[in-house]
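Here the structure is laid out as structure tokens; the discussion comes afterwards.
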Amino acid sequence: MRRCLLFEWKIKIGKLPNFLNYATGTEMEQEKLLVVTDQVAVSVSAIFDAVKVVRKEGVEQIDPLIITQASLDSLLSVESSSIDDVVSICKSLEFPSDQLLASLSRVLKPGGRILLYLTSQSEEANSSLERKLLLAGFLDIQSSGSQSVGVIGKKPSWKIGSSFSIKKTSQVLPKIQVDDDVDLIDEDSLLTEEDLKKPQLPPSDCEVGSTRKACKNCTCGRAEAEEKVEKLGITMDQLNNPQSACGNCGLGDAFRCSTCPYKGLPAFKLGERVALPGNFLAADI
Amino acid sequence: MDEKFDEQLLILYASQTGNAMDAAERLGREAERRGCPSVSVLSIDEFQPIDLPNKEAVIFIVSTTGQGDNPDSMKGFWRFLLQKNLTKEWLKGVQYAVFGLGDSSYQKYNFVAKKLDKRLSDLGATAIIERGLGDDQHPSGYEGALDPWMSALWNMLDQKNHKLLPNGPDFVSLDATFIDQPKIQIIYHDVEEGVPPLSSDTELKYLEMQLERARSMTPGNFSGNDRPDCFLKMTKNHLLSRPDSGKDVRHFEFEAVSSSIEYEVGDVLEVLPGQSPAAVDAFIRRCNLNPDSYITVQPRSTENHHLLNQPLSPVKLKSFIELTMDVASASPRRYFFEVMSFFATAEHEKERLQYFASPEGRDDLYQYNQKERRTVLEVLEDFPSVQMPFEWLVQLVPPLKTRAYSISSSHLAHPNQVHLTVSVVSWTTPYKRKCTGLCSSWLATLDPQRRVFIPAWFRKGSLPPPPPSLPLILIGPGTGCAPFHGFVEERALQSKTVSTAPIIFFFGCRSDRDDFLYRDFWLSHSQNNGVLSGDKGGGFYVAFSRDQPQKVYVQHKMREQSMKIWSLLSQGAAVYVAGSANKMPSDVFSVFEEIVSTESGVSREAALRWIRTLEKAGKYHVEAWS
């Protein structure tokens with residue numbers, strides 16, 4: 001078999017490998033194919049064999065862009081999303097590197113295919129190659145070829161970085177299965193508009209000592225009145241020598257008025273010290 | 001008999017916590033005092049709605065729960081009334097009146113009474129007077145509305161149907177000689193009949209027996225009057241919250257001692273609390289009772305035959321009090337004060353008690369008694385000259401009620417055990433006294449080393465157990481996480497043998513270090529392909545309300561996960577909400593409205609209707625406790 005160098009082959013079919021053509025996006029009728037390899041040179045038959053794996057149909061009409069000793073720089077001039085198929089013919093498992101693989105992904109059209117083809121056949125190599133493709137974000141990964149010589153992957157068919165609306169303003173809500181009691185009326189229909197309005201709290205009688213407190217910007221005088229009540233809080237003197245003008249304070253909570261300073265304390269006898277129960281809380285003491 | 005109608009005033013009440021029952025009983029007494037020939041006061045579930053057209057006059061006293069729902073006792077009656085095939089003539093000729101007990105701080109204020117009023121009118125019944133709406137927010141609670149409404153009722157009844165109130169509508173003033181009769185009678189027995197001597201292995205049997213006897217004798221029917229499903233023994237008592245954090249939340253584990261137990265996740269455990277021995281003794285001393293005497297309690301009137309069918313075995317007086325009468329926790333009702341006034345020998349006490357029982361003194365009574373949560377013992381000690389006969393005490397002392405807690409364990413994961421997550425309730429009264437909840441603090445003081453037997457019942461709550469294939473959206477801040485602890489335990493177990501659907505769970509608490517309940521449990525299930533893990537399509541999100549200047553609650557976390565929630569909802573997920581905050585369920589509902597509306601692009605109203613449909617389809621459940 002005659003060994004020809006790359007350029008010879010290309011000359012044979014009348015075309016020079018022209019990076020610039022690809023780079024400027026010259027239209028070609030057939031699907032664009034990129035072949036990369038870590039080797040210095042690669043034979044045409046090797047390329048044919050590899051391409052046959054990824055393209056089932058005849059390979060006579062191919063016009064691949066071939067990059068030997070491919071590195072990251074090699075792809076700088078290749079336009080993004082311009083390649084239909086990528087074939088990587090590799091001798092070593094390290095090729096292509098993760099970064100190169102990412103670049104290959106970049107130049108691939110969405111939905112485009114990539115084949116990692118090993119010149120030396122090895123069963124274990126396939127799983128390593130599959131992982132490589134998986135981590136690089138390719139889909140539909142599978143071993144291919146008659147003797148599982150390569151691993152094919154597919155670039156996802158949505159463009160990276162494209163955005164589309166997640167909100168489906170479809171105006172349709174999922175249907176719910178209701179075991180309806182068709183025999184009963186809808187009880188919500190018994191309520192009127194008035195019923196459904198937020199209820200108004202009953203007007204406060206603003207009674208000092210009830211649970212309602214004065215507002216922060218009180219203008220009705222309730223705040224002053226409350227302050228007065230607070231000042232009536234119990235003192236030590238009152239506890240030691242309790243007196244009662246009305247005479248009811250000592251009788252216990254049941255007889256005390258709402259402003260009584262002894263509120264909450266047990267009953268006592270006038271003049272005798274008031275026993276503070278263990279559970280009593282008073283702010284001033 | 002040719003009469004079309006029964007000559008009777010029928011009062012039906014639907015009570016959740018006893019307030020509506022109390023109001024109904026008062027209404028009945030007032031009717032009797034005005035000479036009504038025949039008054040009947042019944043819980044609405046004791047009445048067959050099919051008999052409604054035969055009644056002359058029916059008064060309804062109905063409570064609305066915080067979520068706008070009927071009390072449990074009314075559910076059957078209401079379903080009957082909603083039937084489409086009832087015509088608008090069905091209740092023709094029946095006079096009715098409705099009084100509702102509600103709370104105006106809720107959106108669904110008195111919905112039950114409002115709907116009932118409309119439905120009865122639509123079915124052809126005639127309203128005697130406009131419906132009355134009692135409001136917890138009123139300075140004297142529901143009685144603020146009840147008093148004027150009742151006066152109006154008596155006046156109208158007198159005009160429309162004089163034979164119901166032959167004495168006229170005016171209030172017969174209370175004088176010193178007029179007193180009702182107690183509804184029950186007490187028989188004292190000389191010797192204990194047929195009880196084997198106490199020994200350690202029959203200690204449980206003894207309790208069982210005393211409990212059964214005592215609770216079958218108590219007047220009125222309420223939860224926990226039937227035999228306990230089992231007796232439990234506490235095996236673990238762990239503090240879940242940080243000490244000194246201001247919260248006391250416990251994890252309790254129990255074992256069944258008497259029989260095997262059965263329950264599902266989402267179920268509720270009802271427990272009969274023990275009372276403080278000191279309080280019980282103080283009550284017995286105060287009331288001059290002999291703790292060792294044996295008694296049976298029977299209804300005085302001969303109408304209620306069903307209670308007399310079985311011969312009652314006597315029970316020890318002290319046991320009867322311990323097991324059925326709440327002496328140191330619940331507050332007595334207005335009627336208690338009225339009856340006390342007859343038995344007060346000191347003049348100033350008698351006056352004060354009569355004042356409290358009168359319409360003028362109603363607000364002051366409310367301040368002194370209800371708002372302050374005065375216990376029976378405290379009230380009796382505040383009026384030392386009152387000596388009430390035991391019959392009256394048995395009738396009027398609030399019954400010792402069971403307390404219900406959501407079960408936090410999965411029976412599959414813990415056979416023969418049941419676990420609870422309980423927050424010890426404590427608060428400061430308006431008079432600045434510190435109080436604690438009876439049952440929660442009692443449970444917290446129990447020592448697993450000591451043998452204390454706890455009567456318990458298993459009940460269905462509002463949270464049906466989900467099948468493993470149902471995706472779940474769970475929202476449970478604070479102790480609301482309890483039932484979901486059981487859900488996750490169970491699903492984790494199920495995932496070992498069948499494929500399970502994802503769960504996303506929103507938890508909330510004050511701070512990471514204070515009260516992040518079951519922290520390790522939730523975290524372990526959100527990693528390593530656990531049922532809450534992202535890998536499984538699930539999620540676990542915590543809102544720490546106080547760990548930053550602005551408040552962050554579960555609803556804020558839910559908004560952050562809007563898309564995920566919508567995704568699960570679209571897959572047919574069910575929503576479960578549980579917790580103890582008043583407004584939390586409605587806040588969560590609002591966020592769902594927002595999420596559905598935003599993610600699907602429909603209007604807020606359409607979203608609201610869609611979620612309502614979810615509720616009707618049994619895909620949206622709320623368990624809220626106060």
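Below, read A as the first sequence line, B as the second, and so on, with proteins coming before strands; counting in each chain starts at 1. What's counted below: heavy atoms across the whole structure, side chains too, no hydrogens, waters or symmetry copies.
- Residue contact with chain B, scored on non-hydrogen atoms closer than 4.5 Å, is absent for A:A267.
- Per-residue heavy-atom pair counts under 4.5 Å with chain B were compared for A:A254, A:G252, A:C257, and the maximum is reached by A:A254.
- For the pair A:C260/B:Y431, no side-chain contact is recorded, criterion being any heavy-atom separation below 4.5 Å from C-beta on.
- Atom-to-atom distance recorded for A:K263:NZ and B:Q367:CD is 7.0 Å, nearest 0.5 angstrom.
- Contacts between residues 607-615 of chain B and chain A, counted as heavy-atom pairs separated by less than 4.5 Å, involve B:W610, B:R612, B:T613, B:L614.
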Set out, in order, the CA-CA distance, both residues' side-chain angles and the distance that settles side-chain contact (heavy atoms from CB on, under 4.5 Å) for B:H348 and A:L251, then state yes or no. CA-CA 10 Å; B:H348 70 284; A:L251 296 174; 3.8 Å; yes
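- Neither the backbone nor the side chain of B:Y355 comes within contact range of chain A; no heavy atoms are under 4.5 Å apart.
- Minimum heavy-atom separation, A:P174 to B:S570: CG-CA, 4.0 Å.
- In this structure, chain B has a heavy atom under 4.5 Å from the side chain of A:D186, while its backbone stays farther away.
- Heavy atoms of other residues, nucleotides or ligands lying less than 6.0 angstrom from CD of B:Q571 number more than 12.
- Using a 4.5 Å cut-off on side-chain heavy atoms (C-beta onward), B:D122 and A:L190 make contact.
- Side-chain contact check for A:D253 versus B:D382: some heavy-atom pair is nearer than 4.5 Å.
- Rounded to the nearest 0.5 Å, atoms CG (A:D188) and CZ (B:F111) are 8.0 Å apart.
- Put simply, the residue from B:R119, B:K115, B:K114 that forms a salt bridge (charged side-chain N to carboxylate O under 4.0 Å, His left out) with A:E187 is B:K115.
- No close placement of the A:F255 and B:Y368 rings is indicated, their centers lying 6.0 Å or farther apart.
- In terms of heavy-atom pairs under 4.5 angstrom with chain A, the leader among B:Q83, B:K118, B:R352 is B:R352.
- Within a 6.0 Å sphere centred on NZ of B:K88, heavy atoms belonging to other residues, nucleotides or ligands number 12 at most.
- Enclosure of atom CZ in B:R604 by more than 12 non-hydrogen atoms of other residues, nucleotides or ligands within 6.0 angstrom is indicated.
- For A:K109, the NZ atom sits in a packed shell: over 12 heavy atoms of surrounding residues, nucleotides or ligands are nearer than 6.0 Å.
- Interatomic distance, NZ of B:K84 versus CG of A:D183, reported as 7.0 Å (0.5 Å rounding).
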